[in-house]
Amino acid sequence: MDSSRSSTVAGDSPAQNTPALLKNAEFNDDSKVPFLTVRTFLMAILVSMGGICFGYDTGQISGFLQMDNFRYQFADNRETLELSDIRTGLIVAMLSIGTLVGALIAGPIANNRRLGRKYSICLWCIIFCLGNVFQIAAQYPYWWIMMMGRIISGFSIGGLSVMVPAYQGESAPAHIRGAIVCCYQLFITIGILIAYLINFGCVNLSGTPQWRVPVGISFFWAFVLGVGILFFPETPRHEFRHGNVESATHSIATFYGVSPRHKVVKKQLEEMQQKLAIELEGGKPSLTEVFTGPRMFYRTILGMTIQALQQMTGANFFFYYGTTIFQSVGLNNPFITQIILGAVNVVTTFPGLYMVEKYGRRMCLTLGAAWMFMCYMVFASLGYFALENPQGNDATIGYVMIVFACLFIAAFASTWGPQAWAVTSEIYPSRYRSTCIALCAASNWLFNFFIGFATPFITSDIGFSYGYLFAACNFIAVLVVYFFLPETSGKSLEEIDTMFLMRVKPWKSAKWVVPEGETLSSTDRRASEAYASRRGSRASRSGSRANSSAQVRSNSVMEKHYAETGRAGSAHVN
Ligand SMILES: OC[C@H]1O[C@](O)(CO)[C@@H](O)[C@@H]1O
């Protein structure tokens with residue numbers, strides 16, 4: 001189980017331990033830091049199971065609608081197996097509404113001292129299983145129980161879409177953080193593909209098992225994640241913020257694969273301490289601060305925009321409506337179509353895990369969006385000028401369009417698909433991280449819903465020229481990344497925060513390092529004093545603070561915090 005929690009700390013309270021923990025003499029191990037340990041690899045895989053829950057549930061439903069027994073149970077008319085549009089819509093789309101709500105409440109829940117990131121993941125897994133119970137129990141005439149089940153599963157998928165990147169982003173070693181968070185998307189794509197394959201296998205089953213088998217199988221993902229996470233520590237950032245310095249130390253050491261007295265552990269602890277000291281001076285965080293805090297408006301809007309654009313790239317257009325395109329070249333089996341698209345999606349996500357660290361987020365996201373822009377321009381033009389034109393050579397054009405659809409998916413899967421999740425887990429300070437990731441995930445879900453809902457209406461209206469809309473969004477995505485998103489690869493979460501506070505130009509950010517002779521505290525303090533004086537009312541307060549020594553101030557604030565959390569009975573590591 002979680003060894004860090006059971007370790008003992010010499011001394012009475014974390015307040016007394018903090019300074020000692022950070023003394024030079026104690027961190028004398030400077031052996032080589034492993035690139036990736038088995039434990040961290042397992043964490044990446046296990047926590048990403050949240051992605052399987054997501055992908056599996058979204059992939060499942062389109063297959064269900066083709067299954068006779070599913071239609072028989074939930075049809076408006078049992079003779080003709082007809083499901084009305086409204087009933088279909090409610091069963092399919094309610095998952096997205098659930099996810100939106102789940103994502104929004106996940107942030108505040110994860111900030112709870114006891115639940116934290118780790119136990120809230122368990123909680124969301126339990127809710128996922130509950131949703132499955134409803135889905136399996138539903139039968140004629142209670143179609144709405146199926147809908148309820150999907151809403152409840154949706155809560156959980158939304159909650160996990162916040163907690164997975166939050167847990168991975170806060171725990172992973174800085175040099176492979178991007179790749180680890182990208183595993184989440186990899187598992188979403190694997191989940192979609194598994195769902196397609198299982199549906200394909202179950203469609204010919206007779207009787208009620210037809211759709212209950214796929215739902216039953218999904219208990220397994222949630223069970224593995226919910227139980228498996230108990231064997232991993234809480235994230236270092238969550239522990240540290242709640243005064244559990246010793247647990248934070250062990251958590252960093254575990255994920256870096258080094259001893260708790262390693263220099264890299266010290267660097268992380270120091271950075272967390274410097275950040276926390278400054279944060280605590282600001283008092284208790286309030287919800288509005290995700291927009292009003294230092295550089296927070298910029299960052300919150302940026303993260304939400306990145307996630308909205310991830311959907312507006314138009315990837316789901318192919319996943320939801322790919323079948324229709326493939327039919328134009330005679331591939332009429334929708335299950336096969338989905339399996340082809342799903343497989344391209346999975347396979348091409350792998351290079352993304354490598355590229356995100358090798359070339360950095362900015363390069364991948366800009367080139368990825370440019371590539372998708374090009375694919376959509378070709379795709380929409382062929383569809384609009386050739387396919388919708390009666391003289392067009394449908395078969396050849398159809399094949400070329402499929403090639404471009406696959407090239408598009410390859411670009412999405414290796415760049416925007418996974419990396420949108422990575423960057424939104426990195427650009428926020430600890431104080432607001434889970435709440436901001438929640439807003440970003442909610443933005444993803446909202447646009448996901450919007451595309452799923454609006455696409456059939458718009459395509460029937462303007463046909464393939466709809467593709468130009470996605471092309472335009474991809475063009476906007478290039479500009480947003482180039483002008484607004486700083487490079488986060490290789491930097492600690494604390495350095496990334498400082499980089500934002502210092503208003504480093506995004507296009508110059510790849511080379512940015514903390515200025516020589518400065519620490520994160522000193523740069524942050526300069527930045528926050530500048531911020532305060534811009535905001536007028538706080539100017540005099542920060543002005544007078546500026547006279548005293550930053551270090552003394554930081555220590556006393558920290559000790560007060562640890563004394564308080566200690567008194568609350570929580571900060572002791574026992
Ligand atoms: O990041 C999640 C998004 O990626 C996809 O799974 C495609 O790979 C979409 O269906 C989903 O909206």
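Remember, it's 1-based here, ligands and their atoms both numbered in the order they're listed.
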Item checked: Single hit among Tyr468, Trp371, Phe373 for ring-ring contact (aromatic ring centres under 6.0 Å, His included) with Phe475 ->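 Exactly one option meets the ring-ring contact (aromatic ring centres under 6.0 Å, His included) with Phe475, and it is Phe373.
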What atoms of ligand 1 come within less than 4.0 Å of a heavy atom belonging to [X]?
X      : value
Phe412 : 4 (O), 7 (C), 8 (O)
Asn345 : 7 (C), 8 (O)
Gln310 : 1 (O), 2 (C)
Ile192 : 6 (O)
Gln311 : 3 (C), 11 (C), 12 (O)
Thr189 : 8 (O)

Next item on the list: Determine, for Tyr428 and Arg299, whether the Lys NZ or Arg CZ falls below 6.0 Å from the six-membered ring centre while staying within 45 degrees of the axis.
Entry: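 The answer is no; the distance or angle limit is not met.
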Check: Is the closest N or O pair between Trp421 and ligand 1 shorter than 3.5 Å?
Finding: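 Yes, at least one N or O pair falls under 3.5 Å.
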Next item on the list: Using distance alone, determine whether Asn448 and ligand 1 share an N or O pair under 3.5 Å.
Entry: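 Yes; the residue has a nitrogen or oxygen that sits under 3.5 Å from a nitrogen or oxygen of the ligand.
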Notebook entry, point to check: What's the spacing between Glu82 CD and Arg87 CZ if we round to 0.5 Å?
Noted result: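 Glu82 atom CD to Arg87 atom CZ measures 11.0 Å (nearest 0.5 Å).
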Next item on the list: Could you grab the distance from atom CD1 of Ile105 to atom CH2 of Trp124, nearest 0.5 Å is fine?
Entry: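 Rounded to the nearest 0.5 Å, the CD1-CH2 separation comes to 4.0 Å.
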Check: Of the protein's non-hydrogen atoms, which lies at the shortest distance from atom 10 (O) of ligand 1, and what is that distance?
Finding: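 Sorting protein heavy atoms by distance from atom 10 (O) of ligand 1 puts Asn316 OD1, 2.6 Å first.
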Next item on the list: Starting from atom 2 (C) of ligand 1, locate the nearest protein heavy atom and write down its residue, its atom name and how far away it is, to 0.1 Å.
Entry: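 Protein heavy atom at minimum distance: Gln185 OE1, 3.3 Å.
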Next item on the list: Scan residues 399-414 for pairs that pass salt bridge (Lys or Arg N to Asp or Glu O under 4.0 Å), counting only residues two or more places apart or in two chains.
Entry: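 As it turns out, there is no salt bridge (Lys or Arg N to Asp or Glu O under 4.0 Å) pair with a partner in residues 399-414 once direct neighbours are skipped.
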Item checked: Partner residues of Arg150 under the side chain to side chain donor-acceptor pair (under 3.5 Å) criterion, sequence neighbours left out ->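 Residues passing side chain to side chain donor-acceptor pair (under 3.5 Å) with Arg150: none at all.
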Notebook entry, point to check: Taking the inter-plane angle between the rings of Phe70 and Phe64 on a 0 to 90° scale, is it parallel (under 30°), tilted (30 to 60°) or perpendicular (over 60°)?
Noted result: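 Plane angle between 30° and 60°, so tilted.
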